[in-house]
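One structure below.
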Amino acid sequence: DAGVIQSPRHEVTEMGQEVTLRCKPISGHNSLFWYRQTMMRGLELLIYFNNNVPIDDSGMPEDRFSAKMPNASFSTLKIQPSEPRDSAVYFCASSPDRAYSNQPQHFGDGTRLSIL
Amino acid sequence: RKEVEQDPGPFNVPEGATVAFNCTYSNSASQSFFWYRQDCRKEPKLLMSVYSSGNEDGRFTAQLNRASQYISLLIRDSKLSDSATYLCVPSTDSWGKLQFGAGTQVVVTP
């Protein structure tokens, strides 16, 4: 079975540029999560969707970050303009259904983002 | 107070030995609990779900204490491949949102 697919795997770009990260969740999963991981702050939840609708975006750092989920099989996380402090590993995860049914999240391989 | 607190370690464990560590969580409404492992520069992977009565999966045993709000993980007969960071993960809402701890690093040595 295909897992969560993220692209690109690595991205190096100059500050000020727009960055778009992509995610394809596991087919049939209703929830999708975007995380950021750094050494200093660990794994942080940025935003999550249920049935393509954003549920909680309180973790999005600032207006430079935006996320969309136009359909059940695709989501994007965009940073515009990018800054060096955005350098991190960005993970996308999906889960079959809501919690209380003990549904864990399945992670993609992540995108390693470096902003110069 | 952090929502999830873990001893960062590292726990240095001889191969074949047993290691155990806990995590505490602050949200008493948490209903689902998981242990994930994360290898260096890799994505977190589900190790096991944690059930109220405690559960075992091979060499791994998880316990949940709701009254004291802590979760434990015990690894028996440690293998070199068990070296990783173990993340304690309670759920935080009904939408599937999880709160990841900072992790406990385990290093199994020959």
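Throughout, a chain's letter reflects where its sequence line sits, starting with A, and its residues are numbered from 1. Keep in mind that this is a model prediction, so the values were computed, not measured.
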Problem - Test side-chain contact (heavy atoms from CB on, under 4.5 Å) applied to B:Y70 and B:E5, step by step - result: CA-CA 9 Å; B:Y70 77 81; B:E5 300 214 38; over 6 Å; no
Practice task
Please report the C-alpha distance between B:V50 and B:Q63 in whole Å, then the side-chain angles of each, then the deciding distance to 0.1 Å, and finally whether the side-chain contact (heavy atoms from CB on, under 4.5 Å) criterion is met.
Solution key: CA-CA 7 Å; B:V50 184; B:Q63 295 278 348; over 6 Å; no
Practice task
Tell me, with the steps shown, if A:Q105 and A:Y48 meet side-chain hydrogen bond (donor to acceptor under 3.5 Å, both in side chains).
Solution key: CA-CA 12 Å; A:Q105 294 175 17; A:Y48 64 103; over 6 Å; no
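Using a 4.5 Å cut-off between heavy atoms, B:Q99 makes no contact with chain A at all. Contact annotation for A:F91: only side-chain heavy atoms (C-beta onward) come within less than 4.5 Å of a heavy atom of chain B. Contact annotation for A:R41: neither backbone nor side-chain heavy atoms come within less than 4.5 Å of a heavy atom of chain B. Only the side chain of A:Q37 has a heavy atom closer than 4.5 Å to any heavy atom of chain B.
Screening B:K42, B:R41, B:R37 for a salt bridge (charged side-chain N to carboxylate O under 4.0 Å, His left out) with B:D39, the sole residue that qualifies is B:R37.
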